[in-house]
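A quick write-up on the structure given underneath.
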Amino acid sequence: MMKILLADDHAAIRAGLKYLLRRAFPDVIVLEACNYTETHSLAHLHHDLDLVIMDLTMPGNNAGDGVACMRNQLPATTIMVFSASDDPQDIAKATAAGAYAYLHKSVSNEEMVAVIRRSLEHSGPINAGVTGDVRSTKTSKPRLTPRQQEVLVLLVQGMTNKQIGRILQISDMTVKTHVTTILQLLCATNRTEAARHAVRDGLLPLDG
């Protein structure tokens, strides 16, 4: 029997998700929490949770810390973020902290269930930055900052972090941070895959 924890401070959101889950998975046990304190307490009592679906902005946590604490508390449980934010920085923070998937609250019921099914196929902890289905379903393309776009163009050209730093006059560490964020936002596991995704999503300038 599957056990899922819904953590959201809006009762209507929890009710809608519970209805959806019970239709898709008739034998599911659904637990509910309306803030991070309740989420933490339920996670402490139920170490056998298969999935946690949590909002980013519940009272008592922020985009990165809430997910990171849940990942530390439940290392073998899949964590999904269900948020009204499509800010790339929120996506990056949540996925870097260990979220398997990042879904916008405008996602369709069908896609929500599909991602949940995929997430439940995994066993053990998931590194979202490497193997997870990290996505924001509200926007069709990742939104990069102007600096990230500059780094991406040079990355696609095959330049090293040191070369990128020299051209943009920024430190190697800053370049590394930008590259890590770009990989997360493009759902890429390496620079070659990031380049393919950039071309696929039309993220490169036409004259580039």
Side-chain angles (χ1 to χ4, degrees), residues 4-21 30 32-40 42-43 51-74 77-116 118-119 126-149 151-152 177-188 194 197-198 201-203:
I4 296 177
L5 171 60
L6 302 179
D8 196 295
D9 56 334
H10 293 93
I13 296 292
R14 297 197 309 274
L17 284 174
K18 181 190 286 189
Y19 176 76
L20 179 66
L21 288 169
V30 180
E32 298 182 58
C34 66
N35 55 51
Y36 185 62
T37 300
E38 286 187 4
T39 304
H40 180 83
L42 287 171
L51 176 66
V52 174
I53 303 175
M54 63 184 297
D55 193 6
L56 287 183
T57 55
M58 290 187 300
N61 71 298
N62 61 46
D65 292 345
V67 175
C69 287
M70 291 305 296
R71 168 54 59 227
N72 290 334
Q73 190 174 2
L74 298 170
T77 299
T78 301
I79 298 172
M80 288 175 51
V81 171
F82 190 52
S83 174
S85 171
D86 62 354
D87 186 336
Q89 297 304 316
D90 285 343
I91 299 171
K93 288 178 183 177
T95 56
Y100 168 80
Y102 188 109
L103 297 179
H104 191 271
K105 287 185 176 179
S106 65
V107 67
S108 69
N109 289 348
E110 292 76 12
E111 187 164 9
M112 183 75 178
V113 171
V115 174
I116 290 172
R118 288 200 298 274
S119 74
I126 298 169
N127 184 337
V130 176
T131 61
D133 183 13
V134 180
R135 55 169 61 191
S136 168
T137 58
K138 186 177 181 182
T139 54
S140 58
K141 295 181 182 179
R143 294 194 303 182
L144 276 61
T145 66
R147 178 61 85 186
Q148 288 168 351
Q149 289 174 335
V151 172
L152 177 61
T177 299
H178 284 311
V179 170
T180 298
T181 301
I182 289 168
L183 293 180
Q184 292 171 343
L185 294 178
L186 270 60
C187 305
H197 290 190
D201 295 337
L203 299 177

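Note that this is a predicted model, so its numbers are computed, not measured.
- Across all non-hydrogen atoms, the minimal contact from T77 to L51 is CG2-N, 3.8 Å.
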Kindly indicate, with the supporting measurements, whether the criterion side chain to side chain contact (heavy atoms under 4.5 Å, CB included) is fulfilled by Q73 and V52. CA-CA 12 Å; Q73 190 174 2; V52 174; over 6 Å; no

Would you sort out whether L6 and L21 count as a side chain to side chain contact (heavy atoms under 4.5 Å, CB included), showing the intermediate values? CA-CA 10 Å; L6 302 179; L21 288 169; 3.7 Å; yes

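- Here the CD1-CD distance, from I13 to E32, works out to 12.0 Å after rounding to the nearest 0.5 Å.
- Between the side chain of H10 and the backbone N or O of A12 there is no donor-acceptor pair closer than 3.5 Å.
- Nearest heavy atoms, R71 versus I79: N-CD1, 3.5 Å.
- Between the CG atom in L74 and the NE2 atom in H40 there is a gap of 9.5 Å [rounded to 0.5 Å].
- Contact detail for A101 and V115: the closest heavy-atom pair is CB-CG1, 3.9 Å.
- For the residue pair N35 and T37, the shortest heavy atom distance occurs at OD1-N, 3.1 Å.
- Note that the CZ atom of R14 and the CG atom of L5 stand 10.5 Å from one another [nearest 0.5 Å].
- What you find for T39 and M58 is that their closest heavy atoms are OG1-CE, 3.8 Å.
- The structure places CD1 of I116 at 6.0 Å from CG of L20, a figure rounded to the nearest 0.5 Å.
- We find the CG-CD1 distance between L17 and I4 to be 9.5 Å, quoted to the nearest 0.5 Å.
- Distance check, rounded to the nearest 0.5 Å: OG1 of T57 to CG of D9 gives 5.5 Å.
- Here the closest heavy-atom approach between residue K105 and residue F82 is recorded as CE-O, 3.2 Å.
- Remark: the backbone N or O of V113 is not paired with any side-chain donor or acceptor of R118 at under 3.5 angstrom.
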